Every structure is written in C-alpha cells, then in structure tokens.
Peer 1: 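Submitted below is the structure of interest, expressed as structure tokens.
Note that the coordinates shown come from a computational prediction; the quantities given were computed from them, not determined experimentally.
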Amino acid sequence: MKIVGWMVLLLAVAVWGIGCHSQKKAKEQNADTPAVAEENPASRLHDIWVLEKMAGMDKLTTTNRPRLELFPEEGRIAGNASCNEIFGQMQADAQRLSFSKVGATKRFCRDLAQQEGLFLSQLEKVDAYTLKGLTLIFLSEGKELMVFRKVD
C-alpha cells in the first residue's frame, strides 16, 4: 500500500512538471510574436460599393448602377455590372488593387449594355485605389477610373 501511495505521488509530481514545462515553452514561443496580429490594410475594402461616377460615361443610369462586394481576405468579388451578375478574383494591399478572371451572367439588357460594357472594361484596367471615408476610388496609372459610394 505504501508503494502505491508513493507511485501516485510520483505520478502527480511528473504530471505537474510536464504542465509547467508546457506553459513555459508556450510563453517562450509567444514572446517572439506580437500580442495583436496586424490587420490587413486591404480589409477596409470589404464592403458593398455602388458606382457613382465612371470615366468615359457622362451620365450613369439612376437605377441598376453597378455594385461590387469586395472580399479582400478571400481574394474574390461579387456584384452586378448593371444587368448581369459578376464574379471574379481580386488582389489588394494598402494601395494596389487588381481584378482577374471576372465573369458575368449572359442576360441582354439593351438599355444598360453600353454602361455595363464600359464598367467591365474599366474594371480590367484598375491597378490602385484610394479610400476616403465612404468613398472608394479606382485608379489606373494614377488616373481616376471609377468612384464608388459605400452602401452597407
């Protein structure tokens, strides 16, 4: 019986020692990493944006304006180009922005075809952005292409 008691005590000390060693090792590993992970600057883009102004088009339709929902952490976009639903990929950092593999459904809307075609072609040219409050500006080679307003 005495041997069993000593074995239980020895086992308890061993378990306690392993626990203390694990905690010390975890603290050492965490000492090299910042306490708060840095936020991706492009995460500010994650929202729904409606087109307000577009280079090459004097007047946008008052209804069915292009709308984009940006998911920078996932590297994807969704939305509507005026008539058709769109989807694709995006890459963004604090200043740079680009879209790729943009696809759309195939509905024909005669009254919106010109606006939609221009929107999709301008989207391919985007290489940077500026975010000012609730306004998102898409740029190409330093020139303003499109201005969006946050709606969500």
Peer 1: Could you grab the distance from atom CZ of Phe119 to atom CE of Met54, nearest 0.5 Å is fine?
Peer 2: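 Separation between the atoms: 7.5 Å.
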Peer 1: What are the two closest non-hydrogen atoms of Ala81 and Pro66, and how far apart are they?
Peer 2: O-CG, 3.4 Å
Peer 1: Hey, mind stepping through Leu70 and Arg76 against side-chain contact (heavy atoms from CB on, under 4.5 Å) and telling me if it holds?
Peer 2: CA-CA 7 Å; Leu70 304 177; Arg76 70 180 182 91; over 6 Å; no
Peer 1: Do Phe99 and Gln89 have side-chain heavy atoms sitting under 4.5 Å apart?
Peer 2: no
Peer 1: If I compare all heavy atoms of Leu51 with all of Arg65, which pair ends up nearest, and what's the gap?
Peer 2: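 Taking every non-hydrogen atom into account, O-CD, 3.2 Å.
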Peer 1: Heavy-atom distance under 4.5 Å between the side chains of Leu97 and Met90, does that happen here?
Peer 2: yes
Peer 1: What are the two closest heavy atoms between Ile86 and Asn80, and how far apart are they?
Peer 2: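 In this case the closest contact between Ile86 and Asn80 is CG1-N, 3.9 Å.
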Peer 1: Between Val147 and Thr135, is any pair of side-chain heavy atoms under 4.5 Å apart?
Peer 2: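 The answer is yes; the side chains approach within 4.5 Å.
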Peer 1: In terms of hydrophobic clustering (I, L, V, M, F, W, Y; side-chain heavy atoms under 4.5 Å; direct or indirect links), are Leu68 and Val102 co-clustered?
Peer 2: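 Result: yes, single cluster for both.
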Peer 1: Could you tell me which non-hydrogen atom of Ala55 sits nearest to which non-hydrogen atom of Leu118, and how far apart they are?
Peer 2: O-CD2, 3.7 Å
Peer 1: Kindly compute the distance separating SG (Cys83) from CD (Gln115), expressed to the nearest 0.5 Å.
Peer 2: 10.5 Å
Peer 1: Hey, could you give me the CZ/CG distance between Arg96 and Leu139, rounded to the nearest 0.5 Å?
Peer 2: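 Arg96 atom CZ to Leu139 atom CG measures 9.5 Å (nearest 0.5 Å).
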Peer 1: What pair of heavy atoms forms the shortest contact from Lys125 to Ser140, and how long is it?
Peer 2: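 Shortest heavy-atom contact: O-OG, 3.1 Å.
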Peer 1: Is the Phe148 to Tyr129 ring centre distance short of 6.0 Å?
Peer 2: no
Peer 1: Please tell me if the side chains of Phe138 and Gln122 come closer than 4.5 Å, counting only heavy atoms from C-beta onward.
Peer 2: no
Peer 1: Atom NZ of Lys143 and atom CD1 of Ile137: how far apart are they, to the nearest 0.5 Å?
Peer 2: 16.0 Å
Peer 1: Does a side-chain heavy-atom distance below 4.5 Å link Glu116 with Leu120?
Peer 2: yes
Peer 1: Atom CZ in Arg67, atom OG in Ser82: separation rounded to 0.5 Å?
Peer 2: 10.5 Å
Peer 1: Under 4.5 Å between side-chain heavy atoms, counting indirect links through other Ile/Leu/Val/Met/Phe/Trp/Tyr residues: same cluster for Leu123 and Leu60 or not?
Peer 2: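 Same cluster.
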Peer 1: Quick one: do Met57 and Met146 end up in the same hydrophobic cluster if we chain Ile, Leu, Val, Met, Phe, Trp and Tyr together by side-chain heavy atoms under 4.5 Å apart?
Peer 2: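 Yes.
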Peer 1: Flag the pair Asp111 / Thr61 as yes when at least one side-chain heavy-atom distance between them is below 4.5 Å, and no otherwise.
Peer 2: no
Peer 1: Set out, in order, the CA-CA distance, both residues' side-chain angles and the distance that settles salt bridge (charged side-chain N to carboxylate O under 4.0 Å, His left out) for Lys53 and Glu144, then state yes or no.
Peer 2: CA-CA 10 Å; Lys53 187 168 86 172; Glu144 186 178 288; 3.2 Å; yes
Peer 1: Given side chains that start at C-beta, do those of Leu134 and Val151 come closer than 4.5 Å, heavy atoms only?
Peer 2: no
Peer 1: So which atom in Lys106 and which in Asn84 form the shortest heavy-atom distance, rounded to 0.1 Å?
Peer 2: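 The pair with the smallest heavy-atom distance is N-OD1, 3.3 Å.
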Peer 1: Do Glu52 side-chain atoms and Arg149 backbone N/O form a donor-acceptor pair below 3.5 Å?
Peer 2: no
Peer 1: Are Leu45 and Val126 in one and the same hydrophobic cluster, where Ile, Leu, Val, Met, Phe, Trp and Tyr link if side-chain heavy atoms are under 4.5 Å apart?
Peer 2: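 In one cluster with Leu45: Val126, yes.
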Peer 1: Heavy-atom count check: over 12 atoms from other residues, nucleotides or ligands less than 6.0 Å from Glu85 CD?
Peer 2: yes
Peer 1: Is it true that a side-chain atom of Asp127 and a backbone atom of Glu141 form a donor plus acceptor pair closer than 3.5 Å?
Peer 2: yes
